[in-house]
Visitor: 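Structure incoming, see below.
To find a chain, count down the sequence lines: A is the first, B the second, and so on, and within it residues start at 1. Predicted model only: the values in this text are computed from it and were never measured.
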Amino acid sequence: MTEVAPVTVAEAERVQEALRRRVDLTIPLPGPPATVAGLDVSYEVGSDRVVAAAVLLDVATARVRRAEFAVGEVNFPYVPGLLAFREVPFLLAALEKLTVRPDVLVCDGYGVAHPRRFGLACHLGVLTGLPSLGVAKTPFTARFDPPEQARGAWSPLVDGGETVGRAVRTQTGVKPVFVSVGHRIGLAEATGLTLALAPRYRIPEPTRQADLLSRTVLRELPPAG
DNA sequence: GCGACAG
DNA sequence: ATCTTGTCGC
């Protein structure tokens, strides 16, 4: 099958509609995850160059075990709802450099809390076959009430009458993050994992570390040609 | 029709 | 996403 990357918005939306049927949310995690991979992408100003990072962490300690990255040029514009077509190619490249298969993918963005129920986290989950979840930093299309102030408090993200995720307070008195499932994981599991991986900062360690790495690499890259 | 809109 | 210093608060 010749999988051609979508070029137009209409094509990309059709790809999402097709891929979303491969999302499996009927099964929980096989067991307590031992490792996770945090994923993120940094963009260079004034060029199309990007750095994608994939960082492997132990869940028990929330410490980094190994880290990889991939450099590339984006070929798809940022369109709300189509973020995956911009970042997935590079995230997959960085992931492949990780010789270990993580138990869960922690993505920077949304999973099913998406207009077509197929955000970046679902996309990566389906393409890799791995359990995945999304942790976004800002609201998107779902509605929510502010959760209580205490760390661990959460409130449902509602869209089109259905609960598609949770606004989760990872630190007391700090803005919530937005958790949604991507593939092969439950919402309660995704919430618990997010909290376990955010012992100190608002952003859970996996994506926080991936963000730091992608930024550092980008900063030390030779000037764009 | 208008507004809103992950990164 | 990215451009950007200091500053308020715990």
Visitor: Would you say the side-chain atoms of A:Arg208 pair up with the backbone N or O of A:Tyr201, donor to acceptor, closer than 3.5 Å?
Guide: no

Visitor: Go through the structure and list residues passing side-chain hydrogen bond (donor to acceptor under 3.5 Å, both in side chains) with A:Arg202, not counting sequence neighbours.
Guide: none

Visitor: Does atom CD (A:Glu11) have a neighbourhood of more than 12 heavy atoms from anything else shown, all under 6.0 Å?
Guide: yes

Visitor: Which residues pass the side-chain contact (heavy atoms from CB on, under 4.5 Å) test with A:His114, sequence neighbours left out?
Guide: A:Gln16, A:Arg116, A:Phe140

Visitor: Going by atom types only, do A:Glu87 and A:Tyr78 share a side-chain donor-acceptor pair under 3.5 Å?
Guide: no

Visitor: Just list the side-chain donor-acceptor pairs under 3.5 Å for residues 174-181 of chain A, sequence neighbours left out, or say none.
Guide:
from	atom 1	to	atom 2	distance (Å)
A:Ser180	OG	A:Gly111	N	2.7

Visitor: Who pairs with A:Thr35 by side-chain hydrogen bond (donor to acceptor under 3.5 Å, both in side chains), at least two apart in sequence or on another chain?
Guide: none

Visitor: Could you pull out all residues at least two apart from A:Thr8 that satisfy side-chain hydrogen bond (donor to acceptor under 3.5 Å, both in side chains)?
Guide: none

Visitor: When you check the gap from the basic side-chain N to the acidic O, do A:Glu205 and A:Arg63 get nearer than 4.0 Å?
Guide: no

Visitor: How is the base pairing of DNA chain C summarised as a dot-bracket string, given the Watson-Crick and G-U wobble criteria with both distances under 3.5 Å, [ ] for crossing and | for another strand?
Guide: ..........

Visitor: Give a yes or no on whether a salt bridge exists between A:Arg49 and A:Glu44, defined as a side-chain N under 4.0 angstrom from a carboxylate O.
Guide: yes

Visitor: Round to the nearest Å and state the distance from A:Asp48 atom CG to C:dT2 atom P.
Guide: 14 Å

Visitor: In dot-bracket notation, what is the pairing pattern of DNA chain B, taking Watson-Crick (N1-N3 plus N6-O4 or O6-N4) and G-U wobble (N1-O2 and O6-N3) contacts under 3.5 Å, with [ ] crossing and | for other strands?
Guide: .......

Visitor: Give me the residues of residues 179-201 of chain A where at least one heavy atom lies under 4.0 Å from an atom of DNA chain B, by number, or none.
Guide: none

Visitor: Give every residue pair that meets the salt bridge (Lys or Arg N to Asp or Glu O under 4.0 Å) criterion with at least one member in residues 131-144 of chain A, sequence neighbours excluded.
Guide: A:Asp108-A:Lys137

Visitor: Taking A:Asp58 first and then A:Arg65, would you say they form a salt bridge - that is, a charged N and a carboxylate O separated by under 4.0 Å?
Guide: yes

Visitor: Looking at residues at least two apart in the chain, or sitting in another chain, which of them share a side-chain contact (heavy atoms from CB on, under 4.5 Å) with A:Thr172?
Guide: A:Arg151

Visitor: Side chains of A:Thr99 and A:Arg66: do they bring a donor and an acceptor to under 3.5 Å?
Guide: yes

Visitor: What one-letter contact string describes nucleotides 4-10 of chain C from 5' to 3', where B marks a base within less than 4.0 Å of any protein heavy atom, S marks contact via sugar-phosphate atoms alone, and - marks no contact?
Guide: -------

Visitor: State which residue, out of A:Leu127, A:Asp40, A:Leu120, fulfils the side chain to side chain contact (heavy atoms under 4.5 Å, CB included) condition with A:Leu91.
Guide: A:Leu120

Visitor: Measure the distance from CZ on A:Arg219 to P on C:dA1 and round it to the nearest whole Å.
Guide: 16 Å

Visitor: Could you run down nucleotides 2-7 of chain B 5' to 3' and tag each one B, S or - for protein heavy-atom contact under 4.0 Å?
Guide: ---SBB

